[in-house]
2 protein chains.
Amino acid sequence: MNNLQNLEFNEEACKKCKGRYCASKVSIFSVLEEPQLKEVTDKIDRKIYKKGQMIFFEGDISDKLYLINKGKVKIFKYTKEGKEQILYILSEGEFVGDLSLLKKGEFKFNAEALEDVNMCQLTKDDFDDVLRKNPDMALKVLQVVYERISKLETLIQSLSTKDIESRVSGLLLNFIKDFGVPKGNNVELDLPLSREDIANYIGVTRETISRKLNSMQEEGILKLVGNKKIIIQDLEKLESLYE
Amino acid sequence: MNNLQNLEFNEEACKKCKGRYCASKVSIFSVLEEPQLKEVTDKIDRKIYKKGQMIFFEGDISDKLYLINKGKVKIFKYTKEGKEQILYILSEGEFVGDLSLLKKGEFKFNAEALEDVNMCQLTKDDFDDVLRKNPDMALKVLQVVYERISKLETLIQSLSTKDIESRVSGLLLNFIKDFGVPKGNNVELDLPLSREDIANYIGVTRETISRKLNSMQEEGILKLVGNKKIIIQDLEKLESLYE
DNA sequence: CGCGGTCTTGATAACGCTCAATGATTGTGG
DNA sequence: CCACAATCATTGAGCGTTATCAAGACCGCG
């Protein structure tokens, strides 16, 4: 109780604890006991990225693990035509980096801060070290990676579905699951993405997204409030469009 | 030397060794030493699937790990419109199954034998057991899973690329890498897939694939021999289409 | 040799992309 | 705090590409 208060309100203590808060947010480190956890947190480096700032580029040497402490990060590739294809939107508690042990590969995608982001960074060497000393953690990592595979498989299914209404619904339902806020009968959705980003997620153009969202508004499924908020009014109908 | 001969030619010995051959083909088991390897192989169950036969369906309880000893397996989902979307083509030495420890999930895709397939099967409980006793193996599994993520990310990039010629090229280049046979200046390619399967891999219709392959033949890039063989005559041009 | 399945080819039409202009929202400096 | 700029989103018209539908050729197998 007292400890918690110290952590929350004592600026000095907070500076000392450095990355601890960060590490405890990341599920793969949850298997670590106190001494190991300290070892990790001592090595963590913090950095802030401003909205719109690039965190790394495709082709960069991947020698760090990036743990998101706050904010959202967009992971994407470029298609042949130069359009972005978004692979993941990562939030607080998630991480990105080359997870294969030993080798330092190159990033195969780009990462950009969608909002101001507090990032904790751990060098790959340090991470490998922790992993070697705590083989149990590999199972935890495996679990996370496995979830990521599932997301990609779903995205593939979505991209290969011709019906665009269905793709938009799928995206919205995902967002609702991840950060939708129930308000009475409705669900409020604060979009982390611009129209263009949404388009780049499901592989269409920005204009098409505009039109589809609009037609969904006319059908009474949702209500567009400004550019970054959507109120879902008929969740069932939305779900019926998806499946 | 003598041992090898025994394994290869002695039918009796081969029956006794059961799944050993299978396990040794699968990279994740390569970290295992003799006693553990034996433990695994003793538990392995063999099964043969005929060409076209379903191995499992989406929604089935995933309580087994499937190790491919021979043949190719198609892993796919259905889109909303009922079309197949192929996620992976798995070959000898690869495996499929729920890799997340402890829980027995449901398969989120279907698996079908593209040829006659020799399959080795290991129950999930047995696999979990091995994994717990050999935490090192988790790193190996992680590596494999990681490669699979890369494949999916590439597939996504391909699916979101509008230019279909580029998608076809990408698929062909992948096939060449996986099972192309150089013949003089050319590369021969025995397709494991029908035209429809190819179409379902890159998310177009069978007619479109026909037309594209034909136009590529007219451009002198390749030569179609029957339905299951392609001779690549101008690899450079093919590569230039892709990037 | 003939039959079933697979593949090719052609004509048509639908759908989303492109381009272009207008409208809304956000951010900034006077 | 307002005005203006800049960014972002919407709307419309026309075009291009591919899906669709339909018919025919080809391959491989009994």
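Computed from heavy atoms alone, side chains included, the values below leave out hydrogens, waters and symmetry copies. For clarity, every value in this text was computed on a predicted model and none was experimentally measured. Lettering follows sequence order; numbering is per chain, from 1.
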* Measure up the Phe109(B) and Phe107(B) rings against each other and bin them: parallel (under 30°), tilted (30 to 60°), perpendicular (over 60°). =>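 Because their plane-to-plane angle lies in the 30° to 60° range, the rings of Phe109(B) and Phe107(B) count as tilted.
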
In this structure, how many angstroms lie between the [atom2] atom of [N] and the [atom1] atom of [X], rounded?
| X | N | atom1 | atom2 | result |
| --- | --- | --- | --- | --- |
| Glu165(B) | dG16(D) | CD | P | 18 Å |
| Lys229(B) | dC27(D) | NZ | P | 14 Å |
| Ile198(A) | dT10(D) | CD1 | C1' | 14 Å |
| Lys83(A) | dG16(C) | NZ | P | 13 Å |
| Lys162(A) | dC17(C) | NZ | C1' | 14 Å |
| Asn200(A) | dC8(D) | CG | C1' | 14 Å |
| Asn214(A) | dG12(D) | CG | P | 10 Å |
| Lys228(A) | dT10(D) | NZ | P | 12 Å |

* Could you grab the distance from atom NZ of Lys223(A) to atom CD of Gln233(A), nearest 0.5 Å is fine? => 7.0 Å

* **Asp178(A) side, atom CG; Lys72(A) side, atom NZ - distance, nearest 0.5 Å** => 8.5 Å

* Ile164(A) near the nucleic acid: base, sugar-phosphate alone, or nothing, with a heavy-atom cut-off under 4.0 Å? -> sugar-phosphate

* **Row check, Phe56(B) ring normal vs Lys64(B) NZ/CZ: under 6.0 Å, within 45°** => no

* Asked: Side-chain donor or acceptor of Glu207(A) under 3.5 Å from a matching atom on the base of dC19(C)?
  -> yes

* To do: Confirm from the modelled atom types if Arg206(A) and dT11(D) form a donor-acceptor pair under 3.5 Å, side chain to base only.
  =>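 Counting by modelled atom types and ignoring angles, no donor-acceptor contact under 3.5 Å is found here.
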
* By nearest nucleotide on DNA chain C, pick out whichever of Asp163(A) and Leu213(B) is the more 5' one. =>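 Its nearest nucleotide being more 5', the pick is Leu213(B).
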
Between [X] and [N], is there a contact of a side-chain N or O with OP1 or OP2 at under 4.0 Å?
| X | N | value |
| --- | --- | --- |
| Asn227(A) | dT26(C) | no |
| Thr205(B) | dA19(D) | yes |
| Arg195(B) | dT8(C) | yes |

* Select from Arg211(A) and Lys212(B) the residue whose nearest nucleotide in DNA chain D is closer to the 5' end of that strand. =>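 Looking at the nearest nucleotide for each, Arg211(A) comes out on the 5' side.
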
* Lys/Arg-Asp/Glu bridge criterion (N-O < 4.0 Å) met for Glu58(A), Lys77(A) -> no

